[in-house]
Structures are given as structure tokens and as C-alpha cells.
There are 2 protein chains.
Amino acid sequence: MSSRKGQGVLELAVLGLLHESPMHGYELRKRLNTLLGMFRAFSYGSLYPCLKQLLANGLIMEDRPEEPNVPLALQSRRSKIVYKLTAEGKERLQQLLTEAGPASWEDEGFGVHFAFFSHTRADVRLRILEGRRSRLEERLESVRAGLARTRERVDSYTLELQNHGLESVEREVRWLNELIGRERTEQEEQARTSKSTNTTQDMPRETGR
Amino acid sequence: MSSRKGQGVLELAVLGLLHESPMHGYELRKRLNTLLGMFRAFSYGSLYPCLKQLLANGLIMEDRPEEPNVPLALQSRRSKIVYKLTAEGKERLQQLLTEAGPASWEDEGFGVHFAFFSHTRADVRLRILEGRRSRLEERLESVRAGLARTRERVDSYTLELQNHGLESVEREVRWLNELIGRERTEQEEQARTSKSTNTTQDMPRETGR
DNA sequence: TTCGTCATGTAATGGGTTACATGATTAC
DNA sequence: GTAATCATGTAACCCATTACATGACGAA
């Protein structure tokens with residue numbers, strides 16, 4: 001309960017990764033950066049404080065290896081700390097995965113949300129994809145407008161830059177269109193298959209573990 | 001003299017725009033955001049403080065309209081403030097345009113530097129383009145490596161994201177290749193044309209003013 | 001006269017990086 | 001035994017956003 005605001009994108013990313021399997025910070029960061037690939041890279045300086053806070057909020061718990069043969073006290077061994085989700089953490093993850101507000105249309109939020117699409121409800125996936133698309137279309141609109149206004153008095157490099165930007169975004173829109181198309185047909189198929197007891201949910205199955 | 005560090009990208013952008021023509025903050029911000037189009041958008045909350053600091057550093061000066069018919073004091077009229085570059089400011093701009101360190105390979109820095117390419121020396125342009133390209137190729141490399149390592153145990157959405165990222169970057173690399181090619185042939189042409197008194201400089205001409 | 005946009009500013013806050021400090025483990 | 005890399009952490013700083021406060025000016 002109560003807001004205790006998570007620090008944006010990192011919270012979701014960490015909870016999402018830890019849901020797949022428990023991990024220690026160092027590994028977490030690597031997985032994080034390969035997961036987000038081109039979009040983002042986090043440093044320890046932001047990861048560890050984040051973990052600390054998630055711990056304080058009871059969303060994750062540490063699982064220290066517990067060296068059974070060390071006398072008793074003097075446990076400041078400073079070794080790996082494996083983190084895993086608590087029940088509350090799983091709940092929170094589910095919540096973040098489902099909310100998908102306007103933040104998930106932005107570059108950052110979108111990337112992370114998308115990375116966990118296989119754990120996201122189909123209807124939410126669709127909402128995010130469509131939100132993202134209209135966000136991008138807004139941008140295209142305004143850039144095109146500005147481009148039309150200033151058209152003449154602009155040097156060729158600036159123009160080149162604008163164009164490259166436009167094309168990149170147009171490309172992403174096409175990509176989104178394709179994805180949205182796929183999602184839609186999948187949804188229709190599933191609707192046809194399971195005529196009865198429709199629980200609005202359909203994720204590709206929990207990956208066990 | 002002395003570092004008095006400029007706050008990253010904004011300084012260059014502001015100096016660059018003010019070099020083209022004097023402006024007040026409000027307009028500056030609009031031009032800024034259309035100039036940078038897809039890449040970036042600044043808010044007043046960062047622009048005004050920046051102007052303030054540039055002013056304090058003597059890089060720009062205010063040019064208040066001076067209402068000639070207002071009694072004398074009581075000039076707190078609060079109206080438009082037009083900023084323009086000082087001599088020192090022009091110097092600083094030139095310096096920023098020429099330095100082009102590693103920061104200008106990164107997304108942010110690159111965009112802004114590129115936007116002012118028509119005021120940048122040809123050799124510096126080439127350095128930036130090539131720096132950018134190798135920066136991107138590094139990223140491609142590491143992402144591809146990570147992709148090869150984890151290949152199997154990764155869900156289709158994550159894969160889709162990675163791929164889209166890769167393709168975007170590959171596309172930018174191709175774009176850069178084209179630009180670099182053009183720059184090279186231009187340089188060669190110029191070398192052939194002006195056989196004599198070579199001053200290592202060649203900008204498309206100072207736009208007068 | 002009021003509404004929308006132009007115009008300038010600031011304080012609180014946020015979210016992140018850099019650089020550093022430290023220790024454990026592995027491979028040579 | 002030493003170098004590289006794994007692993008954890010923190011403090012100082014940086015850059016920018018948000019939300020707010022203020023006011024001018026033109027058009028309806």
C-alpha cells in the first residue's frame with residue numbers, strides 16, 4: 001500500500017528479471033544490459049541502490065549462501081548476495097505489467113515493457129503497442145509540420161538529420177503495425193478456439209520454473 | 001580561461017542557434033526542438049538556467065529593447081530579452097565545434113554536432129562521422145555477441161526487440177557510410193580544385209551576417 | 001474582459017553517472 | 001603471488017523535468 005514510488009524503469013526491469021530466476025546484482029546488471037541491448041545501459045551506481053530500496057520495500061529478499069561452516073558471528077564475509085522476489089514483489093510486478101500507463105509509450109518505458117511482453121496480458125500488449133504507435137505518430141506529425149514551415153531556409157545537413165530521424169521513426173511505426181497485426185490475428189484465433197469460459201487472460205503460458 | 005564546465009549538449013545548441021541569429025528564450029526553445037526533431041526536446045526549466053549561466057560566463061549578452069519612452073528607472077518592464085553571442089561566445093562556439101571529443105559519438109552529442117555540420121570544418125565532420133560509426137559498430141558487436149550466447153533460452157518478444165534494435169543501428173551505419181563517402185569525394189574534389197595554398201580549412205563559406 | 005499564447009523565471013525533485021573504495025575468486 | 005575479473009557498495013555531482021508563479025499582449 002501507499003505510493004513509495006519506484007524509480008521508473010529500473011524497478012520493472014529488475015523485478016522482471018528476478019522473476020525469471022534469482023540472481024545477484026552483478027549478473028543482474030549484465031542480463032539487464034543485454035536484455036535492453038541498444039536502448040539503455042545501467043551502471044552499478046543505479047542498480048545497487050535500486051536493489052537496496054526494493055529490499056527495504058519488501059519486494060525482494062536476499063538469499064545469502066549462509067556458509068554453514070563459519071563459526072557463527074563474523075559473517076561479514078562479503079560474498080555474493082542472491083536476490084529473489086517475495087510474494088509482494090510478484091504482486092507488484094504483476095501490477096506494473098498490467099498498469100502500462102502513458103510512460104510505456106515513451107522510448108524507455110516501451111523498451112522495458114516490450115522486453116517482458118511474454119509475461120504480459122494480451123490486451124495490455126495491444127494497448128501498449130497502439131499507445132506507442134500513436135505517440136510516434138504525434139512526433140512525426142509535429143516534426144513534419146516544423147519541416148514544412150521552415151522548409152526553405154535550412155541547410156542540407158540539418159535537413160539530412162531531420163530526414164534520417166523521420167525515416168527511423170516511420171520504420172518503427174511499420175514495425176509496430178506488423179506486431180499489432182499479429183497480435184490481433186492471434187487474439188481472433190484464440191477467440192475462435194476457446195468458445196467458452198473466457199477469462200480475458202491469455203499469456204503464452206507461464207514458463208514453469 | 002579555466003574550465004567553467006558547460007552543461008553538455010545545451011551549450012553547443014544554444015550558441016549554435018544564437019550564432020545564426022539573435023533570439024529570445026522562448027523562440028530559442030522552439031527552434032531547438034524543431035532542430036533536434038526526433039532526438040531531444042528541452043524544457044524551459046533547463047533552457048533559462050542555461051542562458052543565465054552563459055550570460056554569467058560572458059558568452060552571450062542580453063539585448064533588451066530599451067523602451068526609449070519609459071521615464072528612466074522602473075524598467076522592470078519584463079518583456080522580451082533578445083540574446084546574442086559575444087566575441088567570447090563565438091570563440092567558444094568555434095572551440096566546441098572543433099573539439100568534437102568522444103562525447104560527440106554518443107547519441108545526444110552526435111545529433112547536436114551534426115545539426116551544426118555546416119559550420120564545422122570538413123576534417124572534423126569526417127572525424128565525428130567515423131567516430132560515430134565505430135561507436136555504433138562496437139554496440140552491434142556486443143549485442144550480437146550477447147545474442148549468440150543466449151540464443152536459445154530467450155522468448156520471441158525479447159528476440160524481436162533485439163532484432164529491431166540491431167536493424168535500426170545497422171540502418172544508421174549504412175547512412176553514415178553514405179555520408180562519409182560523400183564527405184570523402186567532396187574533400188578530394190576540393191583538393192583537386194585548389195592546388196595551391198591549402199589552409200586545412202574548408203567550410204561551405206561563412207554565412208555572412 | 002477574458003482567453004489563449006507569448007514570455008520569463010525558480011524551487012523541488014528525480015534519476016542517473018562517475019569515480020572511488022573494497023574485497024573475493026580464478027587462472028596463470 | 002599476481003593479475004584479471006567477479007562482486008558489492010557509496011558519495012559527489014550533473015543534468016534535466018515538473019510544477020508552479022508571474023506577467024504581457026492580441027484577438028474575440
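Naming convention: chains lettered A, B, ... in sequence-line order (proteins, then strands); numbering from 1 in each chain.
Of the side-chain N and O atoms in A:Ser43, one or more sit less than 4.0 angstrom from OP1 or OP2 of C:dT17. Contact check, B:Arg40 against D:dT17: a side-chain N or O comes under 4.0 Å of OP1 or OP2. Between A:Ser46 and the phosphate of C:dG15, there is no side-chain N or O to OP1/OP2 separation shorter than 4.0 Å. Listed pair A:Tyr44 / D:dT8 fails the phosphate criterion, with no side-chain N or O lying under 4.0 Å from OP1 or OP2.
A straight line from CG of B:Leu51 to C1' of C:dG9 spans 11 Å, rounded to a whole angstrom. Remark: C1' of D:dT17 and CG of B:Asn33 are 13 Å apart, rounded to the nearest angstrom. With rounding to whole Å, B:Tyr48 atom OH is found 16 Å from C:dA11 atom P. Residue A:Leu55 contributes atom CG, which lies 13 Å from atom P of D:dT8 at whole-angstrom precision. The CD-P distance, from B:Glu108 to D:dA16, rounds to 6 Å in whole Å. Following rounding to the nearest Å, A:Tyr83 (OH) and D:dT8 (C1') show an atom-to-atom distance of 8 Å. Between the CD atom of B:Glu27 and the P atom of C:dA7 there is a distance of 7 Å, given to the nearest Å. As rounded to whole Å, 10 Å separates atom P of D:dT8 from atom CD of A:Glu62.
Among pairs with a residue in residues 165-174 of chain B, those fulfilling salt bridge (charged side-chain N to carboxylate O under 4.0 Å, His left out) read A:Glu167-B:Arg171, A:Arg171-B:Glu167, B:Arg132-B:Glu172, B:Arg144-B:Glu170, at least two apart in sequence or across chains.
In this view, A:Ser46 and A:Leu10, A:Phe42, A:Ser43 satisfy the side-chain contact (heavy atoms from CB on, under 4.5 Å) rule, not counting sequence neighbours. Under the salt bridge (Lys or Arg N to Asp or Glu O under 4.0 Å) criterion, B:Arg184 pairs with B:Glu130, sequence neighbours left out. Checked against salt bridge (Lys or Arg N to Asp or Glu O under 4.0 Å), A:Glu99 has no partners two or more places apart in sequence or in another chain. Applying the side-chain contact (heavy atoms from CB on, under 4.5 Å) rule to B:Tyr44 yields the partners B:Tyr26, B:Arg29, B:Tyr48; only residues at least two apart in sequence or on another chain are considered. Legend: residues meeting side-chain contact (heavy atoms from CB on, under 4.5 Å) with A:Lys90, ordered by chain and number and at least two apart, are A:His19, A:Leu85. Residues passing the side-chain contact (heavy atoms from CB on, under 4.5 Å) test with A:Trp105 are A:Pro102, A:Ile128, A:Arg135, sequence neighbours excluded.
For A:Pro49, whose side chain is taken as the heavy atoms from C-beta onward, the closest listed nucleotide among C:dG16, C:dT8, D:dT10 is D:dT10. Closest contact between the side chain of B:Ile81 and the listed nucleotides C:dT10, D:dT8, C:dG9 involves C:dG9.
Distance alone, capped at 3.5 Å, is enough to place a donor-acceptor pair between the A:Thr86 side chain and the A:Leu59 backbone.
For the helix from C:dT1-D:dA28 to C:dC28-D:dG1, the axis fitted to the five pairs at one end and the axis fitted to the five pairs at the other end meet at an angle of 20° (nearest 10 degrees).
Using a 30° and 60° split on the angle between ring planes, B:Phe114 and B:Phe110 fall in the tilted class, from 30° to 60°.
Within the 4.0 angstrom heavy-atom criterion, only backbone atoms of the sugar-phosphate kind lie near A:Gly25; the bases stay farther away.
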Write down the protein N/O and nucleotide N/O pairs, taken from nucleotides 4-6 of chain D, whose separation is under 3.5 Å; answer none if there are no such pairs.
from  : atom 1 : to      : atom 2 : distance (Å)
D:dC6 : OP2    : A:Tyr26 : OH     : 2.7

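Between B:Arg182 and B:Glu178 there is a salt bridge, since a side-chain N of the basic residue sits under 4.0 Å from a carboxylate O of the acidic one.
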